[in-house]
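Sequence lines set the chain letters: A, B, ... in the order given, protein chains first and strands last, and positions in each chain run from 1. All values reported here derive from a predicted model rather than from experimental measurement.
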Amino acid sequence: MFNKRENKMKCSEVNLLLSRYQDNELDNYSGEMVKEHLSDCKSCRMELGELQRISLGIAEIRDVELKENFTAEVMSMVAQHKKTRFAGRLVYIYSFVFAIFFIFGVLIDPYPAGGSSEENSKMELSSILLDGQKFTSDNNHNFVIIGLAGGNDEKGIY
Amino acid sequence: MTIKKNGTEFSDDDVIRSVKSGNIKNFEVIVNRYKRRIVNFVYRMIGDYDEAQNISQEAFFQIYRKIGKYKENSTFQSFIYTVAKNITLNYLKKSKRITFFSQLSAKGEGEYIPSGDITPDEKIQKVERNKMVTRGLENLIINQRLALILKIYLGFSYKKIAEVTGWSQPKIETLISRGKVNLKNYVNLQGKGVKDV
Ligand SMILES: [Zn+2]
């Protein structure tokens, strides 16, 4: 990058490194080289001075004051979020439980089909007590819908 | 919860661990610790005092929501400034920033007031330069402005800037170096204009 014979950098080379030099982001060797150049080059020193004035200008922009309830408002957003998340979770849990019951009701069939040899006899296979009522089912009908108010007839609800 | 028994402050990670374990109230420590710098970082990016507050509050809320994603081996500061930066850039994209720093003169907020033992002439010069730097910031492309603010206002190293922005080292070097030169040229040009008048 620089003239090795004289081991000195040209102004154009220094110029490219000046911003990083100012930000302390050069490796030790390059940093030393720039420093050395600056010590006897007025124009590069002035260039660095300009960069420093610009940085100072940015650094000196005065901080704005925060509104008084800044933190309280954030914390209420956080609390609100926690609440709705909790409520959301409850809904989730309830629907999960409901789904489990539903799946049990459909898939795990408590009244197997094809009532073997007792086909014609109006035999009660099973009964469920619900709301104090007795629901019965025919041997050939195995699907029971739970929870519907049924009549008292022996056919029950399918 | 800010000071430990032995007088040292709880580290960010101490506080986060406590928040994660359900002590949500302790998130307040994080907000109080960083609010001033976050708001002023956002303010320097967008130049709107009220929006800077809103964006910062939204940023803290997002930080809370994403706290589960924060890993302790990365630095917490990079994490929070990444969140704040993303919301700020989204805002700038949407708003097309019509009134950058217009409030500055209206409200006097963020305006630089020189202190110390200087002559009135120097004072005027300094105030003038500060105004021009602020306006110059407005005229920079957003990435140059962001790079300069992360570097000069927040004092971040290039490495930390890379963590916040995802930019490569050479890209950061270029943005900062060109940003400074552009700002310098802007101030010099305006300065000349002022003198000529
Ligand atoms: Zn030189």
Side-chain angles (χ1 to χ4, degrees), chain A residues 1 9 11-28 30-31 34 43-89, chain B residues 19 24-25 27-28 31-32 35-37 39-40 43-44 49-50 52-53 56-61 63-65 103-104 107-114 126 129-134 136-137 148-149 151-153 155 157-159 169 172-174 176-181 183-184 186-188:
Chain A
M1 182 129 197
M9 297 167 101
C11 291
S12 58
E13 292 166 337
V14 169
N15 231 288
L16 288 173
L17 299 178
L18 220 46
S19 167
R20 271 187 281 164
Y21 176 79
Q22 184 201 7
D23 291 342
N24 223 350
E25 296 274 356
L26 285 179
D27 60 82
N28 286 341
S30 309
V34 172
S43 90
C44 283
R45 272 207 305 278
M46 279 174 67
E47 184 64 26
L48 179 65
E50 289 219 56
L51 294 186
Q52 281 165 340
R53 265 195 301 283
I54 289 302
S55 296
L56 197 67
I58 296 175
E60 279 174 340
I61 297 173
R62 204 169 56 141
D63 273 4
V64 290
E65 289 305 319
L66 276 65
K67 55 182 174 187
E68 227 169 271
N69 46 359
F70 184 94
T71 304
E73 283 177 15
V74 172
M75 291 312 287
S76 96
M77 284 161 90
V78 164
Q80 196 60 38
H81 174 69
K82 201 209 168 192
K83 243 189 246 166
T84 51
R85 237 179 76 175
F86 184 65
R89 230 180 249 169
Chain B
V19 173
I24 287 157
K25 193 81 183 61
F27 188 67
E28 204 175 294
V31 179
N32 284 331
K35 61 181 177 184
R36 195 178 172 87
R37 267 176 292 167
V39 167
N40 279 286
Y43 176 70
R44 281 158 175 75
Y49 172 75
D50 294 317
Q53 312 254 351
S56 303
Q57 287 183 314
E58 177 62 22
F60 278 113
F61 179 58
I63 289 161
Y64 169 76
R65 285 187 58 191
Q103 295 195 7
L104 215 128
K107 281 193 176 179
E109 288 286 1
E111 196 165 349
Y112 167 64
I113 296 166
K126 269 193 159 185
R129 187 183 69 216
N130 193 264
K131 264 186 198 163
M132 284 188 288
V133 168
T134 324
L137 266 182
L148 285 186
I149 290 168
K151 175 68 225 169
I152 297 165
Y153 175 64
S157 66
Y158 290 7
K159 186 171 167 279
Q169 196 85 4
I172 293 166
E173 287 168 11
T174 309
I176 290 182
S177 162
R178 290 209 183 134
K180 286 176 188 168
V181 171
L183 211 50
K184 185 194 79 177
Y186 179 87
V187 170
N188 287 345

>> Test salt bridge (Lys or Arg N to Asp or Glu O under 4.0 Å) on Lys159(B) and Glu25(A); report intermediate values, then the result.
In response: CA-CA 10 Å; Lys159(B) 186 171 167 279; Glu25(A) 296 274 356; over 6 Å; no

>> Between Tyr153(B) and Asp63(A), does the side chain to side chain donor-acceptor pair (under 3.5 Å) criterion hold? Intermediate values first, please.
In response: CA-CA 10 Å; Tyr153(B) 175 64; Asp63(A) 273 4; 3.2 Å; yes

> Checking side chain to side chain donor-acceptor pair (under 3.5 Å) for the pair Ser55(A)/Lys180(B): CA distance, chi angles, key distance, verdict?
Replying inline: CA-CA 8 Å; Ser55(A) 296; Lys180(B) 286 176 188 168; 5.0 Å; no

>> The test is side chain to side chain contact (heavy atoms under 4.5 Å, CB included); show your working for Val78(A) and Val31(B) and say whether it passes.
In response: CA-CA 11 Å; Val78(A) 164; Val31(B) 179; over 6 Å; no

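Expressed to the nearest 0.5 Å, how far NZ of Lys184(B) lies from CD of Glu50(A) amounts to 5.0 Å. The CZ atom of Arg20(A) sits 11.5 Å away from atom CD1 of Ile172(B), with the distance rounded to the nearest 0.5 Å. The OH atom of Tyr43(B) lies 9.5 Å from the CZ atom of Arg62(A); values are rounded to the nearest 0.5 Å. The distance from the NE2 atom of His81(A) to the CZ atom of Arg65(B) is 5.0 Å, given to the nearest 0.5 Å. Atom CE of Met75(A) is separated from atom OH of Tyr64(B) by 8.0 Å, given to the nearest 0.5 angstrom. Rounded to the nearest 0.5 Å, atoms OG (Ser177(B)) and CG (Asn15(A)) are 8.5 Å apart.
Chain B forms the most heavy-atom pairs under 4.5 Å with one residue out of Met77(A), Glu73(A), Arg53(A), and that residue is Met77(A). Considering only heavy-atom pairs separated by less than 4.5 Å from chain B, the leading option among Val74(A), Leu56(A), Thr71(A), Leu66(A) is Leu66(A). No other option in Val133(B), Val181(B), Asn40(B) has as many heavy-atom pairs under 4.5 Å with chain A as Asn40(B). Ranked by heavy-atom pairs shorter than 4.5 Å toward chain A, the options Lys151(B), Lys25(B), Gln169(B), Arg37(B) are led by Lys151(B).
Distance alone, capped at 3.5 Å, places no donor-acceptor pair between the Asp23(A) side chain and the Ser157(B) backbone.
More than 12 non-hydrogen atoms from other residues, nucleotides or ligands lie less than 6.0 angstrom from CZ of Arg36(B). The environment of Asn24(A) atom CG is sparse: at most 12 non-hydrogen atoms of other residues, nucleotides or ligands sit within 6.0 angstrom. Environment of CG in Asn28(A): sparse, with no more than 12 heavy atoms of neighbouring residues, nucleotides or ligands closer than 6.0 Å.
Residues Leu137(B) and Ile61(A) have side chains in contact (heavy-atom distance under 4.5 Å, counting atoms from C-beta outward). A 4.5 Å side-chain heavy-atom check between Ile152(B) and Ile54(A) finds every atom pair outside the cut-off.
The two residues Phe70(A) and Lys35(B) come nearest to each other via the heavy atoms CE2-CB, 3.6 Å.
Judged purely by distance below 3.5 Å, without hydrogens or angles, the side chains of Lys67(A) and Gln57(B) pair a donor atom with an acceptor atom.
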